[in-house]
A.B. asks: 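Structure in structure tokens, see below.
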Amino acid sequence: MLEIQRIRNNKEEVIEGLKKRHFEASELIDLILTKDQEWRKQKGALEDVAAEMNRISKSIGELFRQGKKDEAEQAKAQTGSLKDDENKLKEQVQALEQEINELMYQLPNVPNELVKPGKSEVDNEIVEEQGEAVQFDGKALPHWEIASKYDLIDFELGVKVTGAGFPVYKGKGARLQRALISFFLDEAVKAGYQEHIPPLVVNEASGFGTGQLPDKEGQMYYIGEDDLYLIPTAEVPLTNLFRNTLIPQEDFSHKLCGYTPCFRREAGSYGKDVRGLNRLHQFDKVEIVRIEHPKNTARALDEMVDHVKGLLEKLGLHYRILRLCGGDTGFAAAMTYDFEVYSAAQEKWLEVSSVSRFDTFQSTRLKLRYKTAEKKNELCHTLNGSALALPRIVAALLENNQSEKGILIPEALIPYTGFEVID
RNA sequence: GGAGAAAUGGCAGAGUGGUCGAUUGCACUGGUCUUGAAAACCAGCGUACCGAGAGGUACCGGGGGUUCGAAUCCCUCUUUCUCCGCCA
């Protein structure tokens, strides 16, 4: 959520910034500011009445103490209409607050100055490309055929047990998953991120804190009986560890990581894109999260990008980095870098990581602040990124590393898999 | 799942209808004293919103109610603790 203060003071900057998303905000913002002005007026009136009520109440107490019962009763009588006014104003103020909030929720984050305008993924900038496409003599098999050939992943069994999008990993396929998780976690810990095992189910307040609610309600699995949500990413529980937190000093940097399964309903997806591991309802991911002083955010984002690059290079994957254009940048993010690996058999790029800075968009909702040297409370910045999401990494590894001898495991992963080849 | 107890400021812990936004202790910050430190003493020390400011309003686990007035009474939810049951 944007800060109302920012909209009051820098209305034009917000409107201009949101244009990069092709989001026309001026009408919405004018409406918000009108309601805000009305709110301030009513709120002031309400507080005046409340102050008057408080004053009378105190005097009644004083009169009773002095034994002046009659005068006290008289004073009581005059509060009646004041109380009506108070209740009426309170209703109006609350209604306005709700209206303003609902309007505020519709405003996405303002893109960073580096973000280029654009409508969709076709406008994303490729900022870097490393490695080159693997060449095959014959035809390369897609990963779902490899998975079945070596009995690594069983999609049909998953359908039987649960439904489409819930694969069952078996044998070396399961071991490869576990190896990747351990590898990613070890690398994150080496880079200074503290490992966490968070809950996989969160409450409504947490979903709201990181911005999944109310914007993307339909994306999450909802457990109605207990009013809880299955996490779509570890970002939600990890960032919410810091909900309602005041960090007592100005000099801080919290770096955390965690492996979790992620659950996404992916309502409306179908077709070729969902084949095999390309899009799942349940998948594994190691996430890195940072809570930073605003002055360190740019550097933190660069460090996270470098970390993900390091992982992909150790796995020997051909990858590229995109800076998303305004229109493709997620609702809550100010800037996002996507990482894509090249899938040799499918002959397309697969997104395997998304690294974003949110600035104060999440911390406003989270009430996550730090204390400045001048004893002021200021909002922290939050960032997060996948490091990495497993399924498409597995897809790329299987497809790119296929050979006559079988699937060759990258050097860096062998200590974790315990085998060098899948055959 | 059943029975009981509890939830107050960074922590501890008072407060059971009327100057209580909240006694006190510890911690913390500044000052005096000291060669320095400790001790002692003095002062300060929650958050949010509105306001140019003076100041005002709200907040004693969350929500609702009673009352002129609620930390205090009532309802409800949540969490924690103790006992019983069940269980990886």
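The chains referred to below are lettered A, B, ... by the order of the sequence lines, with proteins before strands, and numbering in each begins at 1.
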A.B. asks: rC68(B) pairs with which nucleotide, Watson-Crick or G-U wobble, both distances below 3.5 Å?
C.D. replies: rG18(B)
A.B. asks: Suppose we define a pair by two distances each less than 3.5 Å, Watson-Crick or G-U wobble; what does rC60(B) pair with here?
C.D. replies: none
A.B. asks: Would you mind telling me which of rC68(B), rA58(B), rC50(B) lies closest to the side-chain atoms of T79(A)?
C.D. replies: rC68(B)
A.B. asks: Can a salt bridge be assigned to the pair K172(A) and D151(A) using a cut-off of 4.0 Å between side-chain N and carboxylate O?
C.D. replies: no
A.B. asks: State whether R40(A) places a side-chain N or O below 4.0 Å from either non-bridging phosphate oxygen (OP1 or OP2) of rG56(B).
C.D. replies: no
A.B. asks: Is D48(A) touching bases, backbone alone, or none of the nucleic acid, heavy atoms closer than 4.0 Å?
C.D. replies: nothing
A.B. asks: What does K371(A) touch in the nucleic acid at a heavy-atom separation under 4.0 angstrom: a base, only the sugar-phosphate, or nothing?
C.D. replies: sugar-phosphate
A.B. asks: Using the side-chain heavy atoms of K83(A), tell me which of these nucleotides is nearest: rC68(B), rG56(B), rC49(B).
C.D. replies: rC68(B)
A.B. asks: Without decimals, in angstroms, what is the distance between N87(A) CG and rU67(B) P?
C.D. replies: 11 Å
A.B. asks: Would you mind telling me which of rA48(B), rC50(B), rG69(B) lies closest to the side-chain atoms of S57(A)?
C.D. replies: rG69(B)
A.B. asks: With a 4.0 Å cut-off on heavy atoms, is I56(A) in touch with a base, just the backbone sugar-phosphate, or nothing at all?
C.D. replies: nothing
A.B. asks: In Watson-Crick or G-U wobble terms, both distances under 3.5 Å, what is the partner of rU80(B)?
C.D. replies: rA5(B)
A.B. asks: Is E16(A) salt-bridged to K19(A), going by a charged N under 4.0 Å from an acidic O?
C.D. replies: yes
A.B. asks: Looking at R6(A) and E13(A), is there a salt bridge between them, counting it only when a charged N and a carboxylate O are closer than 4.0 Å?
C.D. replies: yes
A.B. asks: Taking only the side-chain heavy atoms of N54(A) (C-beta and beyond), determine which of rA58(B), rC49(B), rA48(B) contains the nearest atom.
C.D. replies: rA58(B)
A.B. asks: What nucleotide among rC68(B), rU57(B), rC50(B) has an atom nearest to a side-chain atom of Q5(A)?
C.D. replies: rC50(B)
A.B. asks: If you check the I60(A) side chain, which of rU47(B), rG51(B), rC68(B) turns out closest?
C.D. replies: rC68(B)
A.B. asks: Any carboxylate oxygen within less than 4.0 angstrom of a Lys/Arg side-chain nitrogen, looking at R357(A) and E292(A)?
C.D. replies: no
A.B. asks: Which base sits across from rC86(B) as a Watson-Crick or G-U pair, both distances under 3.5 Å?
C.D. replies: none
A.B. asks: On a whole-Å scale, what distance lies between the C1' atoms belonging to rG21(B) and rU66(B)?
C.D. replies: 23 Å
A.B. asks: Between K371(A) and E378(A), does at least one N-O distance fall below 4.0 Å, as a salt bridge requires?
C.D. replies: no
A.B. asks: Determine whether the aromatic ring centres of F252(A) and Y370(A) lie less than 6.0 Å apart.
C.D. replies: yes
A.B. asks: For the side chain of R369(A), starting at C-beta, report the closest nucleotide among rC68(B), rG56(B), rU47(B).
C.D. replies: rU47(B)
A.B. asks: With both distances under 3.5 angstrom, what nucleotide forms a Watson-Crick or G-U wobble pair with rA43(B)?
C.D. replies: rU29(B)
A.B. asks: Strictly by Watson-Crick or wobble contacts shorter than 3.5 Å, is anything paired with rA52(B), and which nucleotide is it?
C.D. replies: none
A.B. asks: Nearest of rG51(B), rC68(B), rU47(B) to any side-chain atom of F64(A)?
C.D. replies: rC68(B)
A.B. asks: Is K58(A) near enough to rG17(B) that one of its side-chain N or O atoms lies under 4.0 angstrom from OP1 or OP2?
C.D. replies: no
